[in-house]
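Along the sequence shown, residues are numbered consecutively beginning with 1. When reading the values below, keep in mind they use all heavy atoms of this one structure, side chains included, and skip hydrogens, waters and symmetry mates.
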Amino acid sequence: MDTYAKAVSTLKKAIENAITTAISKGELPDAEIPKFIIETPADRSHGDFATNAAMAGAKAFKMPPFKIAKAITDNISLDSTMCERFETAGPGFINFFLGSDFYANVINEILSDPENYGRSDFGGGEKVMVEFVSANPTGPMHMGNARGGALGDCLAAVLDKAGYSVWREFYVNDAGNQIEKFGNSLEARYLQIYKGDEIVFPEDGYQGADITELAREYADINGDSLLNVSGEERKKALVDYALPKNIKKMQADMEKYHIHYDKWFFESELHKSGAVKEVVDILKDKGLTYEEDGAVWYKNKEVLTEKLLKEGKTQKYIDNLELKDDVLIRKNGNPTYFTADIAYHKNKFDRGFTTLIDVWGADHHGHVMRMKGAMDAIGYNGDNLHVVLMQLVKLVKGGELVRMSKRTGKAIQLGDLLDEVPVDSARFMFNTREANTQMDFDLDLAVSEDNQNPVYYVQYAHARICSILKSLAKDGITPRKCTNDELALLCAPEEKELINHLASYTAEIISTAKDYDPTKITRYVTALATLFHKFYNACRVKGKDESLMQARLALCECVKAVIKNVLTMFNISCPESM
């Protein structure tokens with residue numbers, strides 16, 4: 001148990017013991033101890049911890065909170081806790097103030113194993129798969145993929161730190177309707193090279209310049225060799241040439257973005273293995289399909305209605321959702337994307353993953369409930385599928401919206417972004433706004449080398465500490481292990497505030513893992529940099545008092561370690577000079 005968690009745990013036990021003692025003395029009625037919380041006040045001048053135990057007990061004890069608070073404080077012993085005193089406030093809040101042992105323990109804990117500080121066994125080794133980006137391989141990756149990549153990868157890193165066994169996966173949609181459309185588009189552009197405008201481009205074809213470029217590349221290499229073959233042979237040859245190139249580019253972009261997947265999973269494998277047909281058969285056997293207009297349909301409305309009624313939702317609520325059934329097999333005999341997606345998620349569970357996390361664009365919000373329902377329908381627990389929905393990204397430069405790349409004159413792609421913006425900036429900045437909020441990505445800010453750039457600001461704090469240590473080393477001063485009495489000298493408000501923030505790191509990791517929100521960690525480390533600069537400006541590190549100087553050096557080492565810990569976890573560089 002880390003120092004912060006131990007402080008909360010021992011204080012909770014002391015409060016429970018005080019309530020039990022008060023009951024035994026007749027100062028409180030005999031009743032079950034109510035559930036209460038211990039939290040950190042926004043203003044630490046009011047205490048390091050506060051509890052609502054008195055308010056929470058008002059109903060059970062049938063007494064005013066201020067009387068319950070007095071009974072608790074009259075009987076509490078802080079000997080086994082890390083707190084040294086308490087105060088009551090308002091209608092019955094009890095505020096507690098930490099003692100010097102807490103601050104010394106935090107510093108000793110960090111310096112004993114800097115690289116692993118913040119790691120816990122909260123997740124218990126549970127197997128979790130995070131699937132993210134999974135862009136359509138028929139075209140280049142875009143800004144949504146840039147945001148999804150940073151969010152998904154950093155979330156996976158935090159889950160690993162919180163004690164989960166994490167697997168990163170990219171799902172490649174290399175089968176189905178979009179590949180057919182890809183082949184039709186390539187064929188039309190290829191034939192237009194030789195036959196001009198007499199070849200009509202498909203209305204639903206992919207209009208991107210990349211399709212024209214790929215067709216031209218094929219023609220440059222192979223000439224008109226596909227003019228006199230069947231359409232199917234022509235499309236297959238073009239797709240077999242173009243698709244691997246697109247996938248290779250996607251993989252290169254992800255590597256450049258510092259994202260390393262455990263597996264690139266290909267949809268085509270599900271079709272080849274019979275996994276797609278299997279889920280259709282399962283649903284048929286359960287009576288959850290029917291045929292209409294030559295297609296096989298899934299009774300999505302029936303499944304979700306039953307699920308929502310069990311969850312206590314009203315029929316009126318369900319009616320407002322306007323649920324509809326879904327096609328599993330089109331009348332041409334081809335399965336839909338939805339069918340393959342059911343098979344893919346079944347495959348994830350079958351591989352032993354007990355929690356599935358998908359990072360999707362917000363336009364997929366309607367797909368979430370039906371996928372969870374489909375998992376229930378085939379015998380799995382849909383509640384173990386969690387979807388992080390991500391809003392759109394707008395690129396801004398000079399205060400104006402940017403839609404086209406200056407370099408290519410085309411829509412900005414992930415590759416363009418990484419050519420213009422440092423990877424460190426992209427990864428950090430995409431993690432400064434929660435996934436469910438729209439985001440303006442400021443290109444000027446991302447390339448700036450000043451404290452307005454959030455990643456530069458954090459990196460500079462780390463470099464500044466390295467500079468302090470190097471400067472002192474020139475004077476023959478190096479950090480050494482401090483005694484607890486020496487660490488107790490760190491009693492300035494700026495020092496205590498900084499140590500308190502360091503102490504909450506493990507709890508912040510766990511909270512992030514619970515909420516699937518890695519932006520909490522970027523906010524945490526940005527606040528840490530701010531608190532360090534505040535401390536540095538208020539407290540001179542080098543001084544005549546050797547003990548105090550060494551204690552402050554130990555604190556600097558702790559801040560340096562945690563900043564490096566976060567940046568390394570997020571695959572962001574941690575420079576020692578800037």
**Student:** Under a 3.5 Å cutoff, is there a donor and acceptor pairing between the side chains of Asp153 and Tyr257?
**Tutor:**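 Tyr257 and Asp153 do not have a side-chain donor-acceptor pair below 3.5 Å.
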
**Student:** Examine distances only and state if a side-chain atom of Asp444 and a backbone atom of Gly398 form a donor-acceptor pair shorter than 3.5 Å.
**Tutor:** yes

**Student:** Let me confirm one number: the CG-OH distance from Asn453 to Tyr460, rounded to the nearest 0.5 Å.
**Tutor:** 14.5 Å

**Student:** Check whether any side-chain N or O of Thr336 sits under 3.5 Å from a backbone N or O of Val327 as a donor-acceptor pair, and report yes or no.
**Tutor:**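 Indeed, once roles are kept as given, a pair shorter than 3.5 Å links the two residues.
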
**Student:** Can you find a pair of side-chain heavy atoms, one from Leu321 and one from Leu308, that are under 4.5 Å apart?
**Tutor:**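 Answer yes - side chains close enough.
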
**Student:** Is any side-chain heavy atom of Leu385 less than 4.5 Å from a side-chain heavy atom of Ile357?
**Tutor:**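 A side-chain contact is absent here, since even the closest heavy-atom pair is not under 4.5 Å.
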
**Student:** Under a 3.5 Å cutoff, is there a donor and acceptor pairing between the side chains of Ser511 and Lys520?
**Tutor:** yes

**Student:** Do Asp424 and Ser573 have side-chain atoms, one donor and one acceptor, less than 3.5 Å apart?
**Tutor:** yes

**Student:** Closer than 4.0 angstrom, basic N to acidic O: yes or no for Glu420 and Lys397?
**Tutor:** no

**Student:** Check this for me, if you would: do Glu131 and Lys348 make a salt bridge, where the nitrogen-to-carboxylate-oxygen distance has to be below 4.0 angstrom?
**Tutor:**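 Yes, Glu131 and Lys348 are salt-bridged.
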
**Student:** Would you say Ser165 and Glu126 are linked by a side-chain donor-acceptor pair, where the criterion is simply a distance under 3.5 Å?
**Tutor:** no

**Student:** Could you work out, with side-chain contact (heavy atoms from CB on, under 4.5 Å) as the rule, every residue matching Lys236, not counting sequence neighbours?
**Tutor:** Asp240

**Student:** May I have the step-by-step check of salt bridge (charged side-chain N to carboxylate O under 4.0 Å, His left out) for Arg351 and Glu169, ending in yes or no?
**Tutor:** CA-CA 13 Å; Arg351 279 186 275 159; Glu169 192 151 295; 2.7 Å; yes

**Student:** Check this for me: does any side-chain nitrogen of one of Lys372 and Asp376 sit under 4.0 Å from a carboxylate oxygen of the other?
**Tutor:**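 No salt bridge links Lys372 with Asp376.
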
**Student:** For the residue pair Asp174 and Ser268, confirm or rule out a side-chain donor-acceptor distance under 3.5 Å.
**Tutor:**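 Present: a donor and an acceptor within the cut-off.
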
**Student:** If we count only N and O atoms by modelled type, under 3.5 Å, do the side chains of Thr339 and Tyr298 hold a donor and an acceptor together?
**Tutor:** no

**Student:** Under a 3.5 Å cutoff, is there a donor and acceptor pairing between the side chains of His142 and Gln413?
**Tutor:** no

**Student:** Is a side-chain donor-acceptor pair under 3.5 Å present for Lys324 with Asn300?
**Tutor:** no

**Student:** Kindly assign one of parallel, tilted or perpendicular to the pair Phe353 and Trp167, based on the angle between their ring planes and the thresholds 30° and 60°.
**Tutor:** tilted

**Student:** Is a salt bridge present between Asp517 and Arg523, judged by a nitrogen-to-oxygen distance below 4.0 Å?
**Tutor:** yes

**Student:** Met569 and Ala157: which non-hydrogen atoms are nearest, and at how many Å?
**Tutor:** O-CB, 3.3 Å

**Student:** Does the side chain of Gln391 reach to within under 4.5 Å of the side chain of Met439, using non-hydrogen atoms?
**Tutor:**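 With C-beta onward as the side chain, the pair stays apart.
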
**Student:** More than 12 heavy atoms of other residues, nucleotides or ligands under 6.0 Å from CD of Gln251: yes or no?
**Tutor:**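 For Gln251, atom CD is crowded (more than 12 foreign heavy atoms under 6.0 Å).
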
**Student:** Are Glu267 and Tyr344 packed together at the side-chain level, in the sense that at least one heavy-atom pair is separated by less than 4.5 angstrom?
**Tutor:**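 Heavy-atom side-chain distance check fails, nothing below 4.5 Å.
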
**Student:** Taking atom types as modelled, is there a side-chain donor on Asp325 or Tyr290 under 3.5 Å from an acceptor on the other?
**Tutor:** yes

**Student:** Do Val128 and Thr354 have side-chain heavy atoms sitting under 4.5 Å apart?
**Tutor:**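 No, every pair of side-chain atoms sits at 4.5 Å or beyond.
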
**Student:** Are Glu278 and Lys346 within salt-bridge range, i.e. N to O under 4.0 Å?
**Tutor:**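 The answer is yes: the pair qualifies as a salt bridge.
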
**Student:** Apply side chain to side chain donor-acceptor pair (under 3.5 Å) to Gln315 and list each qualifying residue two or more places apart in sequence or on a separate chain.
**Tutor:**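 So Gln315 forms a side chain to side chain donor-acceptor pair (under 3.5 Å) with Asp319.
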
**Student:** Only one of Arg370, His364, His365 forms a side-chain hydrogen bond (donor to acceptor under 3.5 Å, both in side chains) with His367, so which one is it?
**Tutor:**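 Considering Arg370, His364, His365, a side-chain hydrogen bond (donor to acceptor under 3.5 Å, both in side chains) with His367 is found only for Arg370.
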
**Student:** Checking Asp383 against Lys307 for the salt bridge (charged side-chain N to carboxylate O under 4.0 Å, His left out) test, could you report, in this order, the C-alpha distance in whole Å, the side-chain angles of both residues, the deciding distance, and whether it holds?
**Tutor:** CA-CA 11 Å; Asp383 290 338; Lys307 179 180 174 71; 3.7 Å; yes

**Student:** Return yes if a side-chain donor-acceptor contact under 3.5 Å exists between Ser230 and Arg234, otherwise no.
**Tutor:** no

**Student:** Pick from Phe170, Tyr261, Phe430: which one makes a ring pair (Phe, Tyr, Trp, His ring centres under 6.0 Å) with Phe132?
**Tutor:**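 Only match with Phe132 under ring pair (Phe, Tyr, Trp, His ring centres under 6.0 Å): Tyr261.
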
**Student:** Compile the donor-acceptor pairs under 3.5 Å between side chains in residues 216-227 and protein atoms, sequence neighbours left out, one pair per line.
**Tutor:**
residue : atom : partner : partner atom : Å
Glu217  : OE1  : Tyr241  : OH           : 2.9
Asn222  : ND2  : Tyr218  : O            : 3.3
Ser225  : OG   : Asn222  : O            : 3.1

**Student:** Taking atom CD of Gln207 as the centre, does the number of heavy atoms from other residues, nucleotides or ligands within less than 6.0 Å exceed 12?
**Tutor:**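 More than 12 heavy atoms, drawn from other residues, nucleotides or ligands, come within 6.0 Å of this atom.
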
